[in-house]
Amino acid sequence: MLHGMPAPPDLRALLDAFFAPPPGLRPAELLRVAAELRARSSGALTTAAMLDHRRPVEGGAWCPRLFGPLQPLRCGCGRLVGREHRGETCDRCHVLCTDEPLRDRRVAHLDVPFGLVHPALAPRIAALLGLERDQLRAVLLGEAVFLADGRLVAQDDPDVDWNDDMPYETGVRAVRRRLAAVVDRELAAAGLSPADLVLTSVPVPPPGERPLHHESHPHEDRWFRALWSERVGRDNEAIAALTVRAIRGARLVELDAPTIVLDRECVAAQRAFEAALDLLARPPGDPARAPGPLWGWRPAPLQEDDDEDHVPGALYRFHLAGAPAVSDAHDRDVHHRAPHRPEVPRACVLADGDRALVQLAYLMLLVHWPTGHVLWTMPATEARLLGARGDWALFGDEYGRQLDDDDPELLRGLYALDLTSGTWLEGPYPDDLPAIFVEKSEPEDAWLTDWRGQRAAPGDADCSGDRPDEWARSPDHRYLWMSSSPDDGAIVDTERGLAVLMLSHMREPAGADVPTVALTGPERDEDGELDDQRGAGVAIARSRGEWRTLLPDGRLRRDGRVALVFTGGAIECAAFDATGDRLLLVNRDALHVVDVARGLPLVRLDLRPLAPALALPASLPRELADLVLAHHGTLAAALAEPDALLQERVGLDDAQLADLRAEPAPPVPALLRTCS
């Protein structure tokens, strides 16, 4: 657990005395409290990061090594588990295995070598230096400076002849140097010096005093359940801000940075320290310490002719328009009629029941991959295959969805295909299908929209780069790979509208001991691409708390390590199944299914037998051949249509129709299965 019971009474009294000292507390007593908390510290914070995918970062403000294990009788890495290991410290993660509530009573500290001034000590410091409190604060904030002759003047005093060679001092370092030259009898009696009034160590309260927050979404409905996010609260944000300044300032001191740079960093650290004290002086349950309002989701931008009476956030039931239209084949940039290979794959999904749906340039086929049997084929459309759930496959137009001008309940641009019958849905959108998509109005503008609730998150807040688009989504449709290219960007949590995993953090190469799986099919060129490749060759899944990511270069990552590398043939499209345990890989020559857990290929289906079914007579002009494929998918499907329909839809004349009828209709074969 990342939060627990309040601190014990003795620790609570020390924390209250430091963060909210009573008015009559003497400076020597406050310094004694600070020294006691420093003596109790289990270590220093070394990073401002707190959580990485809900896991505490080592050296951060929730570090298990500093504050104790997250779970009773379990170390951080899981190597020591159970009562037999109680009291042992793991030599791998250095976390104590115990069932004691350490996270409720352990404190850490933050080293600040340049020093900070506690507001409760400011009156004594000002008196020792012969300053007013306002003057001391102006010095600490860099608004006033000490000149070489000892005068205190404002930073922008017009009566001073400022130049680059003018010597002056400001900030906490100037205060600390002047305190070293004065005497305080009360502090001397306690074994302290006036310079000790400038703190070089700040206590960090236990995690039990500053818990994570579990809140419901303000527009919670069946698609946005209780929101459990890494919302650390303003108090923890203040600790992180102070940690950043302290670590940065310490590094600047080591580098002997210019005085003006270090003074500005000291001013920023003093401001961060006062902000943290203001929040941590409040009781742990004070609303001021809770997180601010959610920023991720907000009402979707109202498009022209949208339903203006719809309340953003309310459940919006809409109908689908049925089958997506087939665009003009002349606009296609890829033409494949050669009988030696099938078409270029564009997308694929692993559906329930050992079925694989593959979208080619002109054809979609549903394959029972254990046997290689083609269940059905149908013409492909320009709508993009996004994913599947149960017996439904989801498709979306490239540039988003739009409510119909005449019927505001009819949504165009989103389509659902029944995998059992191969028919497109017309009517109410099924309740068990997701409705969260990347929407685009211009190439530079994109946002994440839940069409059922009419909410959106802006594209500029998802850390996915310029001109973001959706490259992949997890089988449960919760996570989207959002980026301007498939080798960059971020994975976005659609329930929160937040980026949870950055692709830039996945650059490490595979180790020598990482197993490999050889694929068949065309190889990539020197640039790692195929001349006419349309697919991205990427996939994501979140399986039992573990991230599984297929990167464009063929590396399969499981959480923070490369677990498998695919070599040989290129990967033109890929998808995990609903459990994340199987991975579908497709290129123009073969379809592969791989067991992710064991790193073993389960099956390889040769797609090249599809080529004869896609071949058309050479006498048919290229443009007309493309139209035949676009509207019918295969020659066999075209020959099943009446002559009048072929002449009207495709534009064939009598001679071309006769040549087409003269061709024998090759059946779509069962694919060759070569792996077990």
Could you measure the distance from the [atom1] atom of [X] to the [atom2] atom of [Y]? Nearest 0.5 Å is fine.
| X | Y | atom1 | atom2 | result |
| --- | --- | --- | --- | --- |
| D391 | R389 | CG | CZ | 13.0 Å |
| E572 | C348 | CD | SG | 10.5 Å |
| L425 | H319 | CG | NE2 | 9.5 Å |
| D559 | E546 | CG | CD | 5.0 Å |
| R582 | L602 | CZ | CG | 6.0 Å |
| W471 | M482 | CH2 | CE | 13.0 Å |

**Report entry** Audit row: R478, D493, salt bridge (charged side-chain N to carboxylate O under 4.0 Å, His left out) steps and yes/no
**Finding:** CA-CA 6 Å; R478 175 171 178 176; D493 186 343; 2.8 Å; yes
Nearest non-hydrogen partners of [X] and [Y], listed with the distance:
| X | Y | value |
| --- | --- | --- |
| S543 | T579 | OG-O, 2.8 Å |
| V562 | V565 | CG1-CG2, 4.0 Å |
| D606 | P609 | O-CD, 3.1 Å |
| L550 | G537 | CD2-O, 3.8 Å |
| L551 | V538 | C-CG1, 4.2 Å |
| H477 | A388 | NE2-O, 3.2 Å |

State whether the side chain of [X] and the backbone N or O of [Y] hold a donor-acceptor pair below 3.5 Å, judged by distance alone.
| X | Y | result |
| --- | --- | --- |
| W376 | L419 | yes |
| Q359 | L385 | yes |
| T449 | W451 | no |
| R355 | D352 | yes |
| E439 | R401 | yes |
| N587 | A570 | yes |
| D397 | G400 | no |

Report task. For residues F395 and W424, establish whether the separation of their ring centroids is below 6.0 Å. Result -> yes
**Report entry** Salt bridge R608-D589, side-chain N to carboxylate O under 4.0 Å
**Finding:** no
Report task. Using a strict 4.0 Å threshold on nitrogen-to-oxygen distance, state whether D476 and R542 make a salt bridge. Result -> no
With a 4.5 Å heavy-atom cut-off, do [X] and [Y] have their side chains touching?
| X | Y | result |
| --- | --- | --- |
| L657 | L646 | yes |
| L564 | V596 | no |
| L556 | T549 | no |
| W547 | I491 | yes |
| R548 | I540 | no |
| L610 | L365 | yes |
| L394 | L414 | yes |
| Y479 | T494 | no |

Requested in this report: Evaluate whether atom CD of E409 has more than 12 neighbouring non-hydrogen atoms of other residues, nucleotides or ligands under 6.0 angstrom away.
Outcome: no
Query raised in the report: Should L671 and V374 be marked as a side chain to side chain contact (heavy atoms under 4.5 Å, CB included) after you check the CA-CA gap, both sets of side-chain angles, and the distance that decides it?
Result: CA-CA 7 Å; L671 304 179; V374 178; 4.1 Å; yes
Query raised in the report: Do R555's NZ or CZ and the ring of F566 fall within the cation-pi criteria of under 6.0 Å and 45°?
Result: no
Query raised in the report: For L519 and L585, what are the C-alpha separation, side-chain angles and deciding distance, and is it a side chain to side chain contact (heavy atoms under 4.5 Å, CB included)?
Result: CA-CA 9 Å; L519 306 179; L585 308 171; 4.0 Å; yes
Report task. Evaluate the side chain to side chain contact (heavy atoms under 4.5 Å, CB included) criterion for residues T377 and L366: first the C-alpha distance (whole Å), next the side-chain angles of each, then the deciding distance (0.1 Å), finally the verdict. Result -> CA-CA 7 Å; T377 64; L366 187 68; over 6 Å; no
Query raised in the report: Stepwise, does the side chain to side chain contact (heavy atoms under 4.5 Å, CB included) test hold for F318 with L410?
Result: CA-CA 6 Å; F318 50 81; L410 183 63; over 6 Å; no
Query raised in the report: Given the rule in the salt bridge (charged side-chain N to carboxylate O under 4.0 Å, His left out) test, do R544 and D581 qualify, once you have shown the distances and angles that lead to the verdict?
Result: CA-CA 10 Å; R544 295 179 289 277; D581 293 333; 2.7 Å; yes
